[in-house]
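Just so it is clear: chains get the letters A, B, ... in the order the sequence lines come, proteins before strands, and each one is counted from 1.
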There are 4 protein chains.
Amino acid sequence: MVRSKEQNERMSHVTREKIIEAALSLFAYKGYALTTIKDVSKTAGISTGLIYRHFHSKEELFDTLIEMAIIEIKELINFLDTDINPKDMINSLVEKIIAGIESSELIAHYYLLVSRSFIDNDVTKQQENLKTINLILFQKMSNLIEKGQQLGELKEGNADKLSLLFFSLTQGIASMKLFLEDKFIALESQDLTVFLINEEKGEEYV
Amino acid sequence: MVRSKEQNERMSHVTREKIIEAALSLFAYKGYALTTIKDVSKTAGISTGLIYRHFHSKEELFDTLIEMAIIEIKELINFLDTDINPKDMINSLVEKIIAGIESSELIAHYYLLVSRSFIDNDVTKQQENLKTINLILFQKMSNLIEKGQQLGELKEGNADKLSLLFFSLTQGIASMKLFLEDKFIALESQDLTVFLINEEKGEEYV
Amino acid sequence: MVRSKEQNERMSHVTREKIIEAALSLFAYKGYALTTIKDVSKTAGISTGLIYRHFHSKEELFDTLIEMAIIEIKELINFLDTDINPKDMINSLVEKIIAGIESSELIAHYYLLVSRSFIDNDVTKQQENLKTINLILFQKMSNLIEKGQQLGELKEGNADKLSLLFFSLTQGIASMKLFLEDKFIALESQDLTVFLINEEKGEEYV
Amino acid sequence: MVRSKEQNERMSHVTREKIIEAALSLFAYKGYALTTIKDVSKTAGISTGLIYRHFHSKEELFDTLIEMAIIEIKELINFLDTDINPKDMINSLVEKIIAGIESSELIAHYYLLVSRSFIDNDVTKQQENLKTINLILFQKMSNLIEKGQQLGELKEGNADKLSLLFFSLTQGIASMKLFLEDKFIALESQDLTVFLINEEKGEEYV
DNA sequence: GATGAATGAGTCTTCATTCAT
DNA sequence: AATGAATGAAGACTCATTCAT
């Protein structure tokens, strides 16, 4: 009467997903230090011991989440590498970001998890990777901006600086979302791009 | 014979300053929960026990820093209450902020500490106070923006939203400063105000 | 597979008993402040952490013991409230006390714990309750003695004073039991009641 | 302008006395563990450091008090060795004890300090001495009782047991004094000796 | 002799991790 | 695979003790 191999694997996979979901929510809301493994197991509806069959340590569980973030950012980078023209690309990027942040506090927390992790000093290897990939993203954005400036689509100015301002803004918004909670004001794409994109006739924003 | 009262007070003051500086940096970087008293004492170059001669608990030490931040913000609020015209006020405010962030990590740490306490919930009571005072600051800025819009000095748009963007930007910048370290690019006042202040003839910025 | 619920409960119960026994002896001998949780865990033969699965704090552990003593005393009070005649009641009470003290150190420890908590001020709230209930017991005994005096069964004299002497004696005996250990001399009921009960013809004691 | 040797010695002696007085009161009221050296120094009106010029450690300070108790008990033993007749000796002893306990809580505490110290397990050498001397006192009392019985002054019965009851009573009374505080009832010599001394005609006590 | 700032060992408590079942 | 009892290392905090002055 033993379970078949596939059954076991399916169960295992379901458990893993439950753990990750619980951990993501808890780490994001309460932070790494204030989240206990017991919290995670309770939220996931399993025993504490079972977590250790899926992850060797709390840190590894955390790193798994970071890795997921890295994958997201890598996709972003891939997207930036496609041959769309800079202005449309930035617009579409910004819309994605705004939609994400506004849709749930969880995603806002996720942004902060990311931004927080590149400030931390004693970091794990995955956090180091995240830091690296973020720097790459930053650089890609600079390049994109330069390209857009050459095309006359984007405003002039030091591209690195504009990139810096861009990420400052997205990060600041994620943090303000959590601060203002209900009082947070819905943003539009142009709110974030006004300092970056040249206005076209017919869609003035001033 | 014995140390004079003044000697003792001087020693005490120096120690207290060392503790505060160490704690500020650590709390800002690692957050409350991940910062240990031993971390603080090591960074400050003193024993753990000595910290407790100056602060009754880890929480009181943390609250002391938060309170210092509150005082700074209160001064900012007072400044916003003076009768300067909105545009000049914002310009001077921004210059102050940029200069602060760029001049020392200490001040960037303060910004980070403030933005962190938006996120880390339920840590101490002083954090609630900090949130409250920040909301007031936010409101004052909205009012100022409205006033500036009536005077035609500032760009149109929902005042709350512009205030939100303004603080998002300053906060994001502080955190980018600590992330990029040497790679941080010096900012000018206009970088932060371009979305807010109407350009005047003769000092175009594009 | 997994331990059954009953298995777990049995294990849990055994552990709890081990902790209580160890703690009782240590608190009685060394007092609250000088007894460390490590002492208790070593004596109980378990780890320190495990104690906290059963008691939230050192104080709660202590209070549990005090509460057990309170329950015993309440039963004593209930007994004093029954309608037996004073002389028989006191005799049976004394026999119970002597048997208890002589039978096991555990019970002597309880007496010691109680008498200790008269002295150690400001330790826990349960101690206040213990004091209160002891005062009630003291009062009940006074009343009983008065009643016995009216019946001519008990010796004359201030009832409160006789009550005081009675409890002084029982308490002193418990502590002497622990002091003298093997050298402790077996007592008889009359040893404790000679100052209280009128001799009857035929059973003189001198 | 240095102080003369005698002056220094006198000051030193005064300081030592202040420390002992403070320590006795604090140890007696709060117990060894709950009394801090800072408590002692504050009560004595001196600095903490100065205590260590007079006593090498907290334990040594405590032992000094125990030693003082030992001296008192030795005097008691000497008294018991004199050639007074048992009955008068016991009466005078009891009067002394009652007067002491009733005069101040401090002395009651002192009795308990003594009785407590012979229960403790991990004791200092002085506490061991105290225990020994107490056993001697106990034995002397037994002898005295036997002698009194031979003279027909004291009631019959196992002398050791009567001695045990005697000390149980004194110790219990000290503890009740602290428990009942204001409600404590003044005792007379006969209250403690009724079980021990044969009544004489003309001074019946029943 | 005298002070009190400074130290660090030791205590209570939490929680990541292990392990018998 | 799954449970949760059990472990013990680590953190906040206290306080006896030392030491510069």
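The two atoms that bring B/Leu113 and B/Ala28 nearest to each other are CD1-N, 4.0 Å, heavy atoms only.
Residues of residues 49-57 of chain A that place a heavy atom closer than 4.0 Å to DNA chain E, in numerical order, are A/Tyr52, A/Ser57. DNA chain F is contacted by no residue of residues 13-24 of chain B, taking any non-hydrogen atom closer than 4.0 Å.
Between C/Tyr29 and C/His109, the ring center distance clears the sub-6.0 Å criterion.
As a whole-Å value, the separation of A/Lys42 NZ from F/dA2 C1' is 18 Å. One atom, CG of A/Asp39, and another, P of E/dT17, lie 14 Å apart when rounded to the nearest Å. Regarding A/Phe62, its CZ atom lies at a distance of 14 Å from the P atom of E/dT17, rounded to whole Å. Between the C1' atom of E/dC19 and the CD1 atom of A/Ile37 lies a distance of 17 Å, rounded to the nearest Å. If you measure from atom CG of C/Leu26 to atom P of E/dC12, you get 12 Å, rounded to the nearest angstrom. C/Glu9 places its CD atom 14 Å from the C1' atom of F/dT3, with the value rounded to the nearest Å. Between the NZ atom of C/Lys58 and the C1' atom of E/dT13 there is a distance of 12 Å, rounded to whole Å. Between B/Leu34 atom CG and E/dC15 atom P the separation is 13 Å, expressed in whole Å.
By the side chain to side chain donor-acceptor pair (under 3.5 Å) test, D/Ser57 is found to be paired with no residue, residues two or more places apart in sequence or in another chain being considered. By the salt bridge (Lys or Arg N to Asp or Glu O under 4.0 Å) test, A/Asp63 pairs with no residue at all, sequence neighbours left out. Looking at residues two or more places apart in sequence or on another chain, you find a side chain to side chain contact (heavy atoms under 4.5 Å, CB included) between A/Thr132 and A/Ile136. In this view, A/Thr43 satisfies the side chain to side chain donor-acceptor pair (under 3.5 Å) rule with no residue, not counting sequence neighbours.
Using a 4.0 Å heavy-atom distance criterion, D/Thr35 is classed as a sugar-phosphate-only contact. Within the 4.0 angstrom heavy-atom criterion, base atoms lie near A/Thr48.
Annotation: side chain of D/Asn129 is in contact with side chain of D/Gln126 (closest heavy-atom distance under 4.5 Å). For the pair C/Leu65/C/Met68, a side-chain contact is recorded, criterion being any heavy-atom separation below 4.5 Å from C-beta on.
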Contacts table for residues 45-56 of chain B: side-chain donor-acceptor under 3.5 angstrom, sequence neighbours left out:
from, atom 1, to, atom 2, distance (Å)
B/Ser47, OG, B/Leu50, N, 3.4
B/His56, ND1, B/Glu60, OE1, 2.9

Show the atom names and distances, to 0.1 Å, of all donor-acceptor pairs under 3.5 Å that link a side chain in residues 10-26 of chain B to residues at least two apart or in another chain.
from, atom 1, to, atom 2, distance (Å)
B/Thr15, OG1, B/Met11, O, 3.0

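Between B/Phe62 and B/Tyr32, the ring planes are perpendicular. Angles over 60° get that label, and only those under 30° would be called parallel.
A/Ile66 CD1 to A/Lys131 NZ: the interatomic distance, rounded to the nearest 0.5 Å, is 12.0 Å.
Closest-nucleotide positions on DNA chain F for A/Ser12 and C/Ser12 were compared, and the one nearer the 5' end corresponds to A/Ser12.
The side chain of B/Met11 lies closest to E/dA5, out of E/dA5, F/dG4, F/dT7.
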Handout entry: Strand DNA chain F in bracket notation, Watson-Crick/G-U under 3.5 Å with | for pairs to another chain
Key = .||||||||||||||||||||
